[in-house]
2 protein chains.
Amino acid sequence: MDQVAEAAGVSRATVSRVINGATSVDAKIREVVQRAIAETGYVPNVAARSLVTRRSNSVALVISEPDRPDNHSFLNRIFTDPYFGRVTAGATGALRPHDIHLVVIPTDSTDHHQVMRYLRQGHVDGVLLISSHEQDTLPRQVHELGIPAVVSARPTSPIAVSYVDVDQRLGARLAADRLLSLGRTRLATISGPLDIPSGLDRLEGFRAHLRGHDVPSIEGDFTRAGGEAAARRLLSQHPDIDGLFVASDLMAEGALRAVQDLGRRVPEDVAVVGFDDSSAALDCRPLLTTVRQPVEEMAAEMAEVLLAHIASPGRLPRSVTFHPTLVVRDSG
Amino acid sequence: MDQVAEAAGVSRATVSRVINGATSVDAKIREVVQRAIAETGYVPNVAARSLVTRRSNSVALVISEPDRPDNHSFLNRIFTDPYFGRVTAGATGALRPHDIHLVVIPTDSTDHHQVMRYLRQGHVDGVLLISSHEQDTLPRQVHELGIPAVVSARPTSPIAVSYVDVDQRLGARLAADRLLSLGRTRLATISGPLDIPSGLDRLEGFRAHLRGHDVPSIEGDFTRAGGEAAARRLLSQHPDIDGLFVASDLMAEGALRAVQDLGRRVPEDVAVVGFDDSSAALDCRPLLTTVRQPVEEMAAEMAEVLLAHIASPGRLPRSVTFHPTLVVRDSG
DNA sequence: CTGAAAGCGCTTACAG
DNA sequence: CTGAAAGCGCTTACAG
């Protein structure tokens with residue numbers, strides 16, 4: 001920085017102002033300084049800057065997955081589910097114009113400690129927390145830490161934190177309406193894990209809208225293999241099902257395979273509606289009719305809200321709810 | 001820190017020594033200081049520390065994917081392929097004992113610039129670069145930046161950088177041997193993208209070992225859907241194939257579906273061998289026989305080598321090659 | 001083994 | 001609009 005200042009014939013203060021885009025710098029001087037920066041190849045030291053500004057200009061995207069007793073680690077689940085790619089894309093896109101870096105931190109409860117330490121040390125200015133399972137203690141821990149944060153879904157216990165969510169029950173209702181409008185009368189559903197609010201909400205929303213019908217359901221786990229197994233069981237217990245709502249596209253992909261393996265045509269014998277509208281919907285055969293959750297937009301909104309909290313620490317928490325829409329394709 | 005020093009009745013220098021585990025501190029004093037730290041809830045400021053140590057105690061895991069002209073973004077590919085979860089798990093595991101954080105940075109060429117800026121600013125002490133495609137300019141850019149780095153595969157152009165790889169050709173040979181030992185004579189292969197060295201190596205290795213046989217092949221793209229489409233084409237062009245080597249488990253999963261859709265039994269009519277031994281191998285029906293690539297161990301080794309480079313900047317680059325093994329299951 | 005002091009590389013009131 | 005100077009919170013020779 002001294003070199004730049006000398007080369008440009010100004011003080012370090014002025015160099016600093018140019019770098020940080022202060023408007024109060026004379027246009028000619030600004031130019032001279034910028035040339036000097038280019039010539040010297042000067043790059044500001046982020047540690048020094050952070051030390052005085054108390055800003056790191058990066059935020060964490062903490063992806064918190066439940067502990068599951070299977071072989072597949074949480075990392076396998078994360079790097080296998082298109083949902084997280086969409087979240088990352090949405091958050092990155094919203095943050096980039098502000099020149100804020102996104103630090104992706106996958107975790108399950110085995111290293112909550114590690115994650116909290118990272119946050120406490122001030123590596124990031126705030127956290128986008130993707131957490132869905134009921135027992136997850138991370139939202140509360142993060143909240144108690146006092147660092148600006150936005151959560152990806154309504155917290156299960158009431159904590160005063162901002163969150164962004166989709167209207168889960170409305171989504172389930174759209175699925176039910178679609179199946180009914182197709183004339184289906186023997187409906188069933190493969191739900192998400194019931195310890196995840198979105199899992200429970202979609203199930204309840206579906207049932208609530210179908211009051212009067214008997215709606216068999218099986219709990220899935222939001223994985224492809226889980227959806228396949230669930231569909232197999234469901235169909236063996238209720239062979240006459242003609243309409244199926246599967247609470248995630250990934251599970252629907254597996255379910256579709258099972259349904260067809262068991263000799264049913266889709267949608268002729270069984271109409272299937274998924275949830276998410278992720279890339280998995282397009283991997284399905286037939287292409288999946290599904291309830292679209294605007295995940296990228298939701299993640300971008302999370303980022304915007306977080307930025308607002310970082311800018312004005314006193315800000316009250318707020319929640320934003322997005323509306324799902326039905327995307328009709330071939331499966332139902 | 002001043003608070004802690006005061007509470008413990010020592011200087012800040014001593015507090016610093018205790019925190020950094022200097023051995024030269026009196027045991028009693030160390031205890032007093034630690035208690036004071038606990039009581040005050042003191043957390044060191046990482047920016048201040050980095051400013052003087054010139055270390056961030058974190059390294060980047062840059063996942064560089066090729067630009068592809070399809071709908072699915074690189075983020076979708078990354079968060080859909082179990083390979084990256086394995087890499088992350090391996091690297092995290094190796095870094096944790098050293099108290100080094102891993103910053104995951106997914107990228108394609110559209111934001112190389114952004115990534116390079118991040119690295120240049122000194123946010124991390126080194127970079128683990130997952131890059132496989134031939135045209136990727138990132139390995140060279142990173143190398144020219146001069147930051148300690150380890151690449152996940154032999155670079156296509158010769159740059160003096162450390163890398164960790166698996167013996168691709170040997171892996172392909174194991175697959176060929178397995179199919180031959182099963183008495184299969186009409187072999188074919190679905191390769192990875194041929195602009196990716198591992199894709200080309202596996203194809204060439206397979207062919208080289210089968211010199212004399214005519215070995216039809218189709219280029220895939222390391223995705224499930226791509227494997228399915230490739231298998232369909234392959235079988236329509238060569239209906240008598242009885243042994244198939246698919247260059248990744250994810251593609252094999254799709255290929256298996258296609259093969260069976262077309263009325264062939266696996267392994268009776270067509271024996272199938274994959275490559276990776278990722279979780280996708282266990283999602284296959286029948287369970288996939290495959291060539292195991294010890295990805296977690298390889299990523300851990302990358303981390304160890306990187307740490308060595310960070311510790312001694314003058315260190316010469318070195319490459320480590322792992323041996324693949326055949327994992328026999330049901331498909332071939 | 002411990003402390004006083006310098007210094008890491010920035011930003012930002014403050015004065016002009 | 002610009003510069004001199006203080007200060008952000010640590011670590012680490014150096015001296016004792």
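Order of the sequence lines fixes the chain letters, A, B, ..., with proteins taken first and strands second; residue numbering starts at 1 for each chain. Everything numeric in this text was worked out from a predicted model, so none of it was measured.
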On a whole-Å scale, what distance lies between the C1' atoms belonging to dT12(D) and dG16(D)?
16 Å
Just by protein heavy atoms under 4.0 Å, how would nucleotides 6-16 of chain C read 5' to 3' in B, S and -?
B-BBBBBB---
Enumerate the side chain to side chain donor-acceptor pair (under 3.5 Å) contacts for residues 41-50 of chain A, please, sequence neighbours excluded, ordered by first and then second residue.
none
Paired to dA4(D) by Watson-Crick or G-U wobble criteria (both distances under 3.5 Å) is none
With no hydrogens and no angle check, just 3.5 Å: does a side-chain donor-acceptor pair link D165(B) and T321(B)?
no
Mind checking who dA13(D) pairs with, Watson-Crick or G-U wobble, both distances under 3.5 Å?
none
Just so I know, are the side chains of R86(A) and N76(B) near enough to count as touching, which here means a heavy-atom distance under 4.5 Å?
no
State whether a side-chain donor-acceptor pair under 3.5 Å links S58(A) with H123(A).
no
Contact class for V10(B) (heavy atom, under 4.0 Å): base, sugar-phosphate, or nothing?
sugar-phosphate
From CG (D125(A)) to CG (L306(A)), nearest 0.5 Å:
8.5 Å
Inter- and intrachain pairs under side chain to side chain donor-acceptor pair (under 3.5 Å), touching residues 311-320 of chain A, at least two apart:
none
